[in-house]
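To start, the structure under review is shown below, and the notes come after it.
Only a predicted model underlies this, so the values are computations on that prediction, with no experimental measurement involved.
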Amino acid sequence: GVSYSDDIPASKALIEQLVSGALVHGTIEKRYLKKDGSIMWAETTVSSIRDEQGGYENSVAMIQDITERKINEQLLAAEKRVLEMIVTDTPLQEILAMICRVVEELSPRAHCSILLLDRDGLHLRHGAAPSLPEAYVHAIDGVAIGPAVGSCGTAVFTRRQVIVSNIAEDPLWTDYRDLALDHGLQACWSTPVISSDGTVLGTFALYYVEPQQPTDADLRLVERVGHFACIAIERKQAEAALRDREEALARFKSTLEQTHDCVFIFAPDTLRFIYCNRGAVEQAGYSEAELFTMTPLDLKPEFTERNFREMLQPLQDGRMTSRVFETIHRHKDGHDVPVEVSLQLVREQGQEGRFVAIVRDVTERKRAEEALRVSEERFNLAVRGSNTGIWDWDLRTNKTYFSPLWKSMLGYGEHELKGEFFEWEERLHPDDRERSSATVRAYLEGATPQYELEHRLRHKDGSYRWILARGVSIR
């Protein structure tokens with residue numbers, strides 16, 4: 001292959017050092033342009049050979065293909081950058097343009113395009129296309145999706161990857177063929193971007209100026225980078241939806257967001273608080289000046305600095321974008337406050353970033369949970385004390401719950417009967433079947449206000465026991 005033009009100066013500098021004797025051998029990573037137009041990354045090690053007088057004669061070079069490693073390195077760096085841009089609220093089009101440029105750097109013959117599915121679910125809108133002709137980008141902005149609408153409109157409509165290797169001959173491009181060919185575009189591969197919940201978000205497409213089929217490496221690149229686009233689009237759309245909800249709420253209660261949650265911001269290196277809003281000051285009981293001399297460890301008695309930093313590490317190295325957890329904040333007067341914490345690392349360009357913690361007091365929720373637990377415990381005690389068994393029949397699934405006491409009334413242990421309706425039905429006395437069915441039917445049809453039935457059920461020992469059953473349906 002031919003040396004990539006951008007890498008020629010570094011190659012010349014290495015050779016000059018070898019010739020001058022400044023180096024005996026040296027290693028550089030450089031790119032070669034292959035015959036098919038693709039780029040190969042290589043680790044090139046060059047050693048000089050000298051004559052008896054020490055003069056330079058020639059050089060010997062060993063070249064190792066490291067393309068796959070370099071692509072992985074670049075993709076990992078791109079993924080990290082995408083996450084950082086998301087966290088720092090970079091506009092979506094800037095994120096998508098960055099993703100396109102990464103692809104075009106890895107595949108120089110490709111022209112990358114990302115289209116977004118409009119809120120109406122019927123049209124595609126421009127997302128990013130840094131190297132496509134502007135007139136073409138404008139012409140396809142707002143195109144309707146359909147079963148034969150080029151590569152992108154068809155990919156969204158069918159929810160499948162569409163590979164068109166020759167636009168001039170493919171029927172999917174009948175209505176758009178002249179537009180594409182007039183701008184020198186002859187091939188287009190488009191992949192639908194689908195969210196984690198199965199919603200189509202848009203398309204990720206690669207255009208080429210000559211007919212072309214994708215290689216396995218091309219398809220792997222599309223799959224991986226398409227995932228980056230999906231993360232960015234999904235997150236930004238979720239944020240936009242959240243902003244819409246927040247703005248609607250703000251029109252009615254403009255101070256709601258400020259009064260409900262507490263905000264703490266602290267530095268990653270020292271962990272010291274650098275900002276605390278009014279809610280945070282009130283929740284902790286310290287003054288703002290006091291809090292600025294403290295760290296989260298002063299409020300969280302169960303954390304040591306080591307395990308707290310271990311919890312922060314996935315946010316710092318990009319493995320996670322946020323953490324939500326429950327903990328205890330200790331008030332200045334010594335009482336404990338149960339809280340729910342949503343934690344993010346927010347980075348700005350060229351800066352280390354700051355941890356932002358949104359803290360919500362969950363005392364009332366904890367009290368409600370405890371009250372529910374006590375209530376359920378009392379109910380279970382009351383049921384056991386009244387010698388009353390409980391059964392629940394889900395008419396949709398035919399699944400049935402039998403309480404341990406209900407089972408014991410028929411001589412069975414807690415784990416002996418399955419949660420199936422037939423366990424009750426097959427133990428019903430033959431003489432009670434018709435009456436039982438009529439009673440159930442009358443109640444379900446609304447003829448009686450309550451289900452009540454005296455019937456006989458077969459005990460484990462073979463005898464029959466009279467049972468009084470009462471119940472209501474939950475609709």
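Under a 3.5 Å cut-off, the side chain of Asp170 and the backbone N or O of Val164 do not form any donor-acceptor pair. At distances below 3.5 Å, at least one donor-acceptor pair connects side-chain atoms of Thr295 with backbone N or O atoms of Leu297. A donor-acceptor contact shorter than 3.5 Å is absent between the side chain of Thr27 and the backbone of Thr45. The backbone N or O of Leu219 sits nowhere less than 3.5 Å from a side-chain atom of Asp216 that would complete a donor-acceptor pair. Side-chain atoms of Thr154 come within 3.5 Å of backbone atoms of Gly150 as a donor-acceptor pair (strictly under, hydrogens ignored). With hydrogens and angles disregarded, a donor-acceptor distance shorter than 3.5 Å links the side chain of Trp189 to the backbone of Gln212. A donor-acceptor contact shorter than 3.5 Å is absent between the side chain of Arg323 and the backbone of Pro314. No donor-acceptor distance shorter than 3.5 angstrom exists from the side chain of Asp118 to the backbone of Gly121, with no hydrogens or angles considered.
One finds no salt bridge joining Arg101 and Glu104 here, because no Lys/Arg side-chain nitrogen approaches an Asp/Glu carboxylate oxygen to under 4.0 Å. Salt bridge annotation for Arg278-Glu288: absent, with no cationic side-chain nitrogen under 4.0 angstrom from a carboxylate oxygen.
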Does the salt bridge (Lys or Arg N to Asp or Glu O under 4.0 Å) test come out yes or no for Lys366 and Glu326, once each step is laid out? CA-CA 11 Å; Lys366 291 296 184 181; Glu326 290 188 359; 2.8 Å; yes

As a quick check of understanding, evaluate ring pair (Phe, Tyr, Trp, His ring centres under 6.0 Å) for Tyr275 and Phe266, giving each step before the final call. CA-CA 7 Å; Tyr275 172 80; Phe266 59 94; over 10 Å; no

Under the criterion side-chain contact (heavy atoms from CB on, under 4.5 Å), I'd like the reasoning laid out for Cys188 against Trp173: C-alpha separation, chi angles, the key distance, then a yes or no. CA-CA 10 Å; Cys188 181; Trp173 280 83; 3.8 Å; yes

Kindly indicate, with the supporting measurements, whether the criterion side-chain contact (heavy atoms from CB on, under 4.5 Å) is fulfilled by Gln161 and Thr191. CA-CA 4 Å; Gln161 187 177 63; Thr191 302; 2.9 Å; yes

Take Glu340 and Arg365, measure what salt bridge (Lys or Arg N to Asp or Glu O under 4.0 Å) needs, and give me the verdict at the end. CA-CA 11 Å; Glu340 180 182 80; Arg365 190 182 79 192; 3.6 Å; yes

Apply salt bridge (Lys or Arg N to Asp or Glu O under 4.0 Å) to Glu29 and Lys70, showing your working. CA-CA 10 Å; Glu29 292 180 354; Lys70 296 297 291 186; 2.9 Å; yes

Given salt bridge (Lys or Arg N to Asp or Glu O under 4.0 Å), test Asp89 with Lys236 step by step and report yes or no. CA-CA 8 Å; Asp89 204 27; Lys236 288 297 181 179; 3.3 Å; yes

Working note: Ile140 + Leu179, criterion side-chain contact (heavy atoms from CB on, under 4.5 Å); need CA distance, chi angles, decisive distance, verdict. CA-CA 9 Å; Ile140 65 171; Leu179 174 66; 3.9 Å; yes

Intermediate values then yes/no, side-chain contact (heavy atoms from CB on, under 4.5 Å), Val156 and Leu124: CA-CA 9 Å; Val156 171; Leu124 290 170; 3.8 Å; yes

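Within 6.0 Å of the CD atom in Gln74, the count of heavy atoms belonging to other residues, nucleotides or ligands exceeds 12. Remark: Met311 CE is packed, more than 12 non-hydrogen atoms of other residues, nucleotides or ligands lying under 6.0 Å away. The neighbour count for Arg160 CZ, taken as heavy atoms of other residues, nucleotides or ligands under 6.0 Å away, does not exceed 12.
A side-chain donor from one of Asn398 and Trp393 sits under 3.5 Å from a side-chain acceptor of the other. Judged by distance alone, the side chains of Gln283 and His329 do bring a donor and an acceptor atom under 3.5 Å apart.
Between Ala205 and Cys152, the shortest heavy-atom contact is CB-SG, 3.7 Å. Counting all heavy atoms, side chain and backbone alike, Ala129 lies closest to Val137 at CB-CG2, 3.9 Å. For the pair His126 and Leu115, the tightest heavy-atom approach, listed with the atom from each and the gap, is CA-CD2, 3.9 Å.
With contacts defined as side-chain heavy-atom distances shorter than 4.5 Å, the pair Val82/Ile99 qualifies. Side-chain contact between Leu345 and Val87 is absent, with no heavy-atom pair separated by less than 4.5 Å. Side-chain contact between Met320 and Leu83 is absent, with no heavy atoms from C-beta onward closer than 4.5 Å. Using a 4.5 Å heavy-atom threshold, the side chains of Ile265 and Phe355 count as separate. Using a 4.5 Å cut-off on side-chain heavy atoms (C-beta onward), Arg224 and Asn72 make contact. Residues Gln313 and Arg319 meet the side-chain proximity criterion, which asks for heavy atoms closer than 4.5 Å. With contacts defined as side-chain heavy-atom distances shorter than 4.5 Å, the pair Ile167/Tyr176 does not qualify. Counting heavy atoms from C-beta outward, Ser151 and Leu172 have side chains that stay 4.5 Å or more apart.
Note that OH of Tyr207 is 10.5 Å distant from SG of Cys112, once rounded to the nearest 0.5 Å. Distance check, rounded to the nearest 0.5 Å: CD of Glu169 to CZ of Arg177 gives 8.5 Å. Taking CG from Leu92 and CZ from Arg235, the interatomic distance works out to 12.5 Å, rounded to the nearest 0.5 Å. Once rounded to the nearest 0.5 Å, the distance linking CD1 of Ile63 with OG1 of Thr44 reads 4.5 Å. The distance from atom CD of Glu134 to atom NE2 of His183, rounded to the nearest 0.5 Å, is 10.0 Å.
Residues satisfying the ring pair (Phe, Tyr, Trp, His ring centres under 6.0 Å) test with Phe157, not counting sequence neighbours, are none.
Residues Phe292 and Phe273 keep their aromatic ring centres 6.0 Å or farther apart.
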Validation: residues 419-426 side-chain donor-acceptor distances under 3.5 Å, sequence neighbours left out:
| residue | atom | partner | partner atom | Å |
| --- | --- | --- | --- | --- |
| Glu420 | OE2 | Lys399 | NZ | 2.7 |
| Glu423 | OE1 | Arg427 | NH1 | 2.8 |
| Glu423 | OE2 | Lys418 | N | 3.0 |

